[in-house]
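Since the structure comes first, as structure tokens, the remarks are kept for the end.
This one's a predicted model, so the numbers in the text were calculated from it and none came from an experiment.
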Amino acid sequence: MTLNTDKVILITGASSGIGAATARELAATGAKLLLGARRTDRLEALAAEIVAAGGIAEFRALDVTSRDDMQAFVDHAIQRFGRVDVLINNAGIMPLSPLAALETANWDAMIDVNIRGVLNGIAAALPGFTAQGSGHFVNVASLGAHYVVPTGAVYCATKFAVWAITDGIRQEHRDVRATIISPGVVESELGHDITDPGSAAAMAEFRSVAITPDAIARAIRFAVEQPEDVDVSEIIVRPVKGSF
């Protein structure tokens with residue numbers, strides 16, 4: 001099965017990790033990509049790599065916590081490519097800490113990026129999807145969308161929210177596909193902003209069996225490549241040797 005070359009796919013958090021791997025995976029199928037993140041130097045390098053390999057990719061600075069910025073991102077894709085077919089809401093942060101550490105600034109940041117960022121993407125793309133009678137949201141959640149671990153209460157809460165929001169799209173819109181991608185531990189920069197020493201040590205041990213981001217990218221490609229009447233509701237991808 002081959003992805004239609006006229007698919008226009010937007011990826012948030014595309015400057016590293018799962019986002020960058022997904023861009024490479026989908027570019028190889030002929031999709032037209034718009035890559036978004038805050039670090040435009042990395043986006044520029046990734047887009048240049050994709051174009052050099054014969055793919056189609058553009059980039060734009062993106063702060064998913066800004067509704068206006070997200071709307072401008074989607075509008076830019078429509079202006080350049082004529083439509084949007086898939087929005088991959090991948091941007092996320094994970095500054096884990098025990099609740100008693102009272103890292104309230106990190107709580108707010110996770111809510112803003114992990115929940116509001118996804119909602120901003122939905123608000124920007126959903127009207128166009130309903131108008132054209134098709135579209136696909138691929139929202140990256142986590143195994144933390146299924147259970148809570150110590151130091152992860154707030155992070156897991158945000159991913160539970162992503163799960164709920166995505167299933168809400170599926171139930172409310174019969175002409176829009178909605179997929180939840182729930183990775184286990186993956187090699188990435190996620191968690192680099194952990195400031196609690198105990199949480200940082202636990203994360204280092206947790207990452208000892210991490211799988212590479214391209215494993216998640218292949219799962220996203222599988223969901224996107226299905227026929228338009230098939231909705232892959234959720235894919236969980238985890239390390240074989242992982243505890244969770």
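- Gln132 contributes a side-chain N or O that, together with a main-chain N or O of Val84, makes up a donor-acceptor pair within less than 3.5 Å.
- In terms of modelled atom types and a separation under 3.5 Å, the side chain of Asn120 and the main chain of Met70 share no donor-acceptor contact.
- Between Thr212 and Val186 the shortest side-chain heavy-atom distance does not fall below 4.5 Å.
- When all heavy atoms of Val232 and Phe222 are compared, the pair lying nearest together is CG2-CE2, 4.0 Å.
- Atom CZ of Arg170 has more than 12 heavy atoms from other residues, nucleotides or ligands within 6.0 Å.
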Test salt bridge (charged side-chain N to carboxylate O under 4.0 Å, His left out) applied to Lys32 and Glu58, step by step: CA-CA 8 Å; Lys32 302 178 180 115; Glu58 296 191 8; over 6 Å; no
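- For the residue pair His173 / Thr130, no side-chain donor-acceptor distance below 3.5 Å is found, with atom types taken as modelled.
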Would you sort out whether Ser16 and Arg39 count as a side-chain hydrogen bond (donor to acceptor under 3.5 Å, both in side chains), showing the intermediate values? CA-CA 9 Å; Ser16 66; Arg39 295 177 295 187; 3.2 Å; yes
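- Under a 4.5 Å side-chain heavy-atom criterion applied to ILVMFWY residues, the cluster that includes Val148 comprises Phe160 as well.
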For the pair Asp112 and Thr65, evaluate side-chain hydrogen bond (donor to acceptor under 3.5 Å, both in side chains) and give the outcome as yes or no after the intermediate values. CA-CA 6 Å; Asp112 285 342; Thr65 68; over 6 Å; no
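- With rounding to the nearest 0.5 Å, the separation of CD1 in Ile11 from CD1 in Ile9 is 7.0 Å.
- Put simply, the side chain of Leu102 reaches to within 4.5 Å of the side chain of Trp107, judged on heavy atoms.
- For the 3.5 Å distance criterion, the side chains of Glu234 and His146 qualify, holding a donor opposite an acceptor.
- A salt bridge is defined here as a Lys NZ or Arg NE, NH1 or NH2 lying under 4.0 Å from an Asp or Glu carboxylate O, and Asp85 with Arg83 meets this definition.
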Would you please test Glu228 and Lys7 for salt bridge (charged side-chain N to carboxylate O under 4.0 Å, His left out) and show each step? CA-CA 12 Å; Glu228 291 300 317; Lys7 286 261 189 180; 2.8 Å; yes
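- Going from atom CD1 of Ile88 over to atom OG1 of Thr12 covers 8.5 Å, rounded to the nearest 0.5 Å.
- Using modelled atom types and a 3.5 Å distance limit, the side chains of Ser182 and Arg238 yield no donor-acceptor pair.
- At a threshold of 4.5 Å between non-hydrogen side-chain atoms, the residues Leu10 and Val86 do not count as touching.
- Using a distance-only test at 3.5 Å, with no hydrogens or angles considered, a donor-acceptor pair links the side chain of Lys159 to the main chain of Val140.
- Under a hydrophobic clustering in which Ile, Leu, Val, Met, Phe, Trp and Tyr are joined whenever their side-chain heavy atoms come within less than 4.5 Å, directly or via other members, Leu34 and Ile122 fall into the same cluster.
- Residues Leu62 and Arg60 fail the side-chain proximity criterion, which asks for heavy atoms closer than 4.5 Å.
- Asn139 places no side-chain N or O within donor-acceptor distance of the main-chain N or O of Val162, the cut-off being under 3.5 Å.
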The test is salt bridge (charged side-chain N to carboxylate O under 4.0 Å, His left out); show your working for Asp63 and Arg38 and say whether it passes. CA-CA 6 Å; Asp63 176 1; Arg38 294 182 180 181; 3.0 Å; yes
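- Going from atom CZ of Phe59 over to atom CG of Leu35 covers 9.0 Å, rounded to the nearest 0.5 Å.
- The CD1 atom of Ile181 sits 6.0 Å away from atom OG1 of Thr179, with the distance rounded to the nearest 0.5 Å.
- Looking at heavy atoms from C-beta onward, Ile56 lies in side-chain contact with Phe81 at the 4.5 angstrom threshold.
- Under the 4.5 Å side-chain criterion, counting only non-hydrogen atoms from C-beta, Thr22 is not in contact with Asn90.
- Note that CG of Asp175 is 13.5 Å distant from CG of Asp229, once rounded to the nearest 0.5 Å.
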Begin from the C-alpha positions of Gln79 and Asp75 and carry the test side-chain hydrogen bond (donor to acceptor under 3.5 Å, both in side chains) through to its verdict. CA-CA 6 Å; Gln79 183 179 41; Asp75 290 346; over 6 Å; no
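- Side-chain atoms of Pro183 and Ile216, non-hydrogen and from C-beta on, do get closer than 4.5 Å to each other.
- Scanning both residues, Ala20 and Ser15, for their nearest heavy atoms gives CB-C, 4.3 Å.
- Ion pair Glu225/Arg177 not flagged as a salt bridge, since none of the NZ, NE, NH1 or NH2 atoms sits closer than 4.0 Å to an Asp/Glu carboxylate oxygen.
- None of Val74, Leu87, Val176 except one satisfies the side chain to side chain contact (heavy atoms under 4.5 Å, CB included) rule with Leu126; the exception is Val176.
- The one candidate from Thr166, Leu119, Val118 that meets the side chain to side chain contact (heavy atoms under 4.5 Å, CB included) condition with Asn89 is Val118.
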